[in-house]
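Okay, so here's the structure we're looking at.
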Amino acid sequence: MDYPLWDIAIGGSMLMALVAVTHVIVSHFAIGGGLVIAVTETLAVRRGDHEMRELARRSSFMLILVSTVFGAISGVGIWVVAGLISPSAITALIRNYVWGWAIEWVFFIVEIVAALVYFATWDKVSKRVHVMIGWIYFIAAYLSLVIINGIVTFMLTPGKWLETGAFWDGFFNPTYWPSLVLRTGITLIMATAFMLLPATRATVEARPRLARYLGLWLVAGALISYGGYRWWEAALPETVQALFMGTSPALTALAGTRSFLMWAVAATLALAVVFLLLLPKTARVPVAILVMLAGFSFFGGYERLREGTRKPFLIHDFMFSNGIRVDEISKLNEKGVLSKARWAAHQAGDDTIDQGRAVFRAQCASCHTLEGYQGINALLPDDPDMIMGVLFALWEQGEAYTSLEPGQPVDKAALDYPYMPPFVGTEDELAALAEYLGEVSGSGTAVAMREEQ
Amino acid sequence: MGENLVAAVDPTPIPGPAWLFHVLLVFTFILHAIFMNLTLGGTLIAAFAQMVSGGRSEDPRAVLARRLMGINTYGISLAITTGIAPLLFVQVLYQQYFYSATILIAWVWLFFLVLLMVGYYAVYVYKYKSVPAGRGGAGWLGFAALMFLLIAMVHVAVNLIHSQPDKWAAIAANPWSILGDAAYFPRLVHFVLAALGFTALVAVWWAVRQASVGKDVELNTAIARHAWRWALWTTVIQVADGFLLLFVLPKNVLLGVMQGGLATLGPLTVSILLAIGLLMMMAKVSNPVEKAGAVNGTLGAMILTIAVMSITRHQVRELYLEPFSSQYTIATAPQWGNFILFALLLVAGLATVGYMVRQVLGNRATGDEAA
C-alpha cells in the first residue's frame, strides 16, 4: 500500500490466479513428466521397447515446448504480477526466503540445462548417458519443488516462525509435508494428462499397452494426491478448518470448492481405471482431454481452496492481503492509514470524497475494483447506514487481531467478515471512506443523512 | 528533490550483509548479460543476415542465421534462467524503487512477458518449420528480433525509472515521458550494440574453430569475415555512444563517477581502454580465420568489457539513488548457514552441469544407438 496503485479492471487477485494456475499446471507437469519420462526411457532401454522410447522422446519435445518456454516465463510472471499487486508481501517474503529462492534457482539451472541437453541429444549420445541425463533432470526438478513448497506453505501456515522469525521454522511449517505429498501426486496426474497426447500417436498395437502403462501412473497420482490432500486438511489449524469443513462451515463457497475438488479427483481416478486400465483401446484424444479436464479441475480447485483459506492474509497471521501487517494496526489506527499510503495520499485531493477514495485505494483496491472483478459497487448495501455499519464492524474486527499473542491464530470463523482484513485508520478516514462508498453506490452518505436529520 | 514518493523501508532485515547482495547481483547480472546478448544480438543479426541472403539457403549469411538460431533456442532458455537471480537480488536491495517503477508502467512491464513468449515461440517456428522446409524464415526472425528489441526498451525504461524517484510523479502522470529522458536512447543503443558486438564475435570464434579443423573452410571464412564486420562497426559506434551516455548522465551522477576515486574510475577506465583495445585489434585483422589467436583474445576482451561495464552500471545506479538511499539504513540479520548452503549447492549444481556436458561430449552414440 506504500507503493503506486495499479488500477486493473479484472482485479489483481484474478490476474494472479490466471498466471499462477496456468504456471503451476505446467510446472507440475515439468516435474512429474521428468519422472515418468525418465522411468519410461529406462524401461524402454532395458526391454528394447521402441514404442516406449518414442513415447519418452515425443513427451520430451512437449516438455521443452511447454515447460522451458511457457513454464519458465510464467514462473517469472508470478513474480512480476506479485510485485505489481502485492509489493509489500513479496518484499517480506523475499527478505525472509531469498536464500530459499536462490537455492531453488540453482536447481532450476540444472533442470533447464538437463532438459535442453536431454532433448538435444536423442540418438546422439549413448543410451546410458541419455537415461542418466533424464534422471538428473527429474532430481533437479523435484528438488525445486521441495524448496518452493516450503515457501508456498509458509504463507498459509507460518507456524513457529511467527514467534521465532527463523527461516527453517517457517519452511518446515505444519503443512509442509502434507503439501509435498499432495503436490507429488499432482505432478504425476499432470504428467499423465500431458503424456496421453503423445501416446495417442503410437502405433495401433502399442497404444493400449502405453495407455495401461500411463493409467498406472495416473492411478498412483490420484491416490497419492487424495491421501496428501486429506493429510493437508488435517494439518490445518482448527480455526482454518472451521471455514470450509464440518457440518456447518463458515464459508459455504469454500466448502463447495472442497466438494468440487473431491469429485474431480474421484473423476480422475475413475477415468484412469475405466479408460486407461480396463478399456485402453479407447484411450484417444477425447480421453486425454477428459483426463486433462479432471486433473486440472482437481489441481485448480485445490489452489483455489488454498488461496481461499489464507484470506484475508497474504502471510497468515502476519500480513493482510492489502499489505498491512498485523503489528501495524494500532499504530495506523492512531496515525491514519494515509500516513503510510504515500501514493494514495499523493493522488488525493483535499475534500472528504477524495480522502475516502484514497483510503479505498490504499486498503480495498488490492481485492476490489469499482465495477469489475469483486466490484465494490455491486457488493455495497443500498442503505448508507449499513455501509457505515459494515465499516464499523470491520474496524472493530481489528481488535480480534491486536489482542492476539504472537503465534496465536485468529479464530476466523468467529469473525463477521472472515474473508476481509479489518478496517485500519482513524475515525475521520472511516467517515471519508463511508462517504466515498456512498457516492460510488449512489445511495447518498450516512454522514450527509445524519446531518439532514 | 520534490515530494518523496519512495516507500518506507521494510522493517524486516535482509538476510545477509548488503555488500554480499551487491556482489551477487552484479555477478549474476553478468551471467545473464552473456545469454541476453546472445538472444538479442543473435536474433537481430540472424534476421538481417537471412534477409540479405536472398533466400539462398547455402549463402554464408543464411548459414550464419541458422547457426545463431540453432544456439538461440537454448540460449533464450538460459537467458531466462540466469535472469531470475538478478531479478531476485535486485528486489532484496532496491525493492522500494524497483516495484514502484514497474507499477508505474505496469501494463508495459507485464507485457514484456508476452513479448518474450511469442518471440521465443517464433524462434522455434523458424527452427522447426522454416529451416526444415527450406524456406527463408526471415519474417519469423524479424518478428522475434522485434519482440526482443521491445523487451530491451522495457527494461531500459524500468531501469531509468527505478533509479530516478524524483521523476515518479511526472511518470505517473505520463508514463511515456520516460522516453524523453536524455539517457534513454543512448542507453538502449549501448545495450543493443553490446549484444550485436558480442554475438558477432561468438559467431566469428565458432567459424574460425570450424575452419581451423578443415571443416567448410571457404564457407566459414566468409561467415567469419561477415560477422567480423558486424563486431567492428558496432564497436566503433559503441565507443562513441559510450561517451555520449556518460555525458548525458545527471550532473550529480557524473560527478559521483568522476570523484569516486579508484572504485568508480577504475572500472570505467578499464572498460574504455578495453573498448579502444578491441577496436585496434579488430581493425588490424582483415581475415579472422588467419588470426585465430586474435579472435580468441578479442572475444575474451569483449567478455571482460561486459563484466566491467556491469560493475559501472551498478555503480551508476547507486549514484542515481544516493540522495534517497542515504536517508536510511537497511537492517541486516545474516542467515550465514543458508548462504553457505546456497554457495555449496551452486558449486554442486555447476559441477553437475559440467559433468553432464563432459558425459555428452565423451559418449557419442555409435552403431545402433546413432540415429
Side-chain angles (χ1 to χ4, degrees), chain A residues 2-6 8 15 65 68-70 72-77 79-81 83-84 87-88 90-92 94-96 98-103 105-110 112-117 120-130 132-133 136 140 165 167 340 342-343 346-347, chain B residues 3-5 7-8 10 12-16 21 24 74 77-78 80-85 87-89 91-92 95-96 98-100 102-104 106 109-110 113 116-117 120-121 124 168-169 172 335 338-339 341-342 345-346 348-350 352-353 356-357 359-360 363-366 369-371:
Chain A
D2 209 1
Y3 289 87
L5 303 157
W6 183 33
I8 172 171
L15 178 67
L65 283 184
T68 62
V69 184
F70 183 85
I73 296 172
S74 58
V76 177
W79 272 20
V80 165
V81 175
L84 292 175
S88 306
I90 196 77
T91 296
I94 283 181
R95 288 189 169 213
N96 280 292
V98 61
W99 298 125
W101 264 306
I103 289 168
W105 173 67
V106 172
F107 294 136
F108 190 53
I109 290 178
V110 178
I112 289 292
V113 172
L116 296 172
V117 171
T121 57
W122 278 102
D123 299 326
K124 290 179 182 158
V125 295
S126 71
K127 288 177 178 170
R128 178 190 66 79
V129 168
H130 197 257
M132 181 195 70
I133 292 167
I136 289 175
F167 181 100
K340 179 179 165 78
R342 293 183 188 193
W343 279 88
H346 162 74
Q347 290 167 336
Chain B
E3 184 184 1
N4 185 359
L5 291 169
D10 192 287
T12 316
I14 59 174
F21 290 107
L24 286 170
Y74 307 115
S77 250
L78 294 172
I80 298 168
T81 311
T82 52
I84 289 170
L87 182 63
L88 176 66
F89 296 127
Q91 291 174 86
V92 175
Q95 86 281 348
Q96 68 270 50
F98 182 76
Y99 295 136
S100 297
T102 58
I103 296 169
L104 285 173
W109 176 239
L110 191 63
L113 297 169
L116 181 55
M117 204 171 297
Y120 199 169
Y121 279 123
Y124 267 111
W168 287 356
Q335 299 171 357
N338 292 334
F339 166 70
L341 183 61
F342 159 66
L345 285 169
L346 182 60
L350 294 177
T352 306
V353 168
M356 272 191 290
V357 172
Q359 288 292 315
V360 166
N363 291 278
R364 310 305 295 184
T366 52
E369 289 188 330

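When reading the values below, keep in mind they use all heavy atoms of this one structure, side chains included, and skip hydrogens, waters and symmetry mates. Quantities reported herein were computed from a predicted structural model and do not represent experimental measurements. In what follows, chains carry the letters A, B, and so on, assigned in the order in which the sequence lines appear, proteins first and then strands, with residues in each chain numbered from 1.
- For A/A115, no part sits under 4.5 Å from any heavy atom of chain B, backbone or side chain.
- Only the side chain of A/I136 comes within contact range of chain B, judged by heavy atoms closer than 4.5 Å.
- In plain terms, the two heavy atoms of A/A92 and B/D10 that are nearest each other are N-OD2, 4.4 Å.
- Using a 4.5 Å cut-off between heavy atoms, A/L65 contacts chain B through both its backbone and its side chain.
- Heavy-atom minimum distance, A/A72 versus B/I80: CB-CG2, 4.0 Å.
- The OG atom of A/S74 sits 5.5 Å away from atom CE of B/M117, with the distance rounded to the nearest 0.5 Å.
- If you take CZ on A/R95 and CD on B/Q95, they are separated by 4.0 Å, rounding to the nearest 0.5 Å.
- At a 4.5 Å heavy-atom cutoff, the contact between A/V106 and chain B is made by side-chain atoms alone.
- In this structure, A/L116 and B/S77 approach most closely via the heavy-atom pair CD1-CB, 3.7 Å.
- Nearest heavy atom pair, residue B/Q91 against residue A/I90, reads OE1-CG1, 4.3 Å.
- How far OG1 of B/T102 is from CG of A/L84: 5.0 Å, rounded to the nearest 0.5 Å.
- In this structure, chain A has a heavy atom under 4.5 Å from the side chain of B/T352, while its backbone stays farther away.
- Below 30°, between 30° and 60°, or above 60°: for A/Y3 and B/Y99 the angle between ring planes is above 60°, a perpendicular geometry.
- At a 4.5 Å heavy-atom cutoff, the contact between A/V117 and chain B is made by side-chain atoms alone.
- No other option in B/L350, B/L87, B/L24, B/L88 has as many heavy-atom pairs under 4.5 Å with chain A as B/L88.
- Taking CZ of A/F108 as the start and OG1 of B/T82 as the end, the distance is 10.5 Å to the nearest 0.5 Å.
- If you tally non-hydrogen atom pairs under 4.5 Å between each of A/F70, A/W101, A/W6, A/F107 and chain B, the highest count goes to A/W6.
- With a 4.5 Å cut-off on non-hydrogen atoms, A/A140 does not touch chain B at all.
- Residue A/V69 touches chain B through both its backbone and its side chain, counting heavy-atom pairs closer than 4.5 Å.
- Shortest non-hydrogen contact noted between A/I103 and B/L341 is CD1-CD2, 3.8 Å.
- Residue contact with chain B, scored on non-hydrogen atoms closer than 4.5 Å, involves the side chain of A/I112 exclusively.
- A distance of 6.0 Å separates CH2 of A/W105 from CG of B/L346, quoted to the nearest 0.5 Å.
- Smallest separation of non-hydrogen atoms from B/P15 and A/V98: CG-CG1, 3.1 Å.
- Contact of A/T121 with chain B is made through the side chain alone, with heavy-atom distances under 4.5 Å.
- The CD atom of B/Q335 lies 7.0 Å from the CG atom of A/N96; values are rounded to the nearest 0.5 Å.
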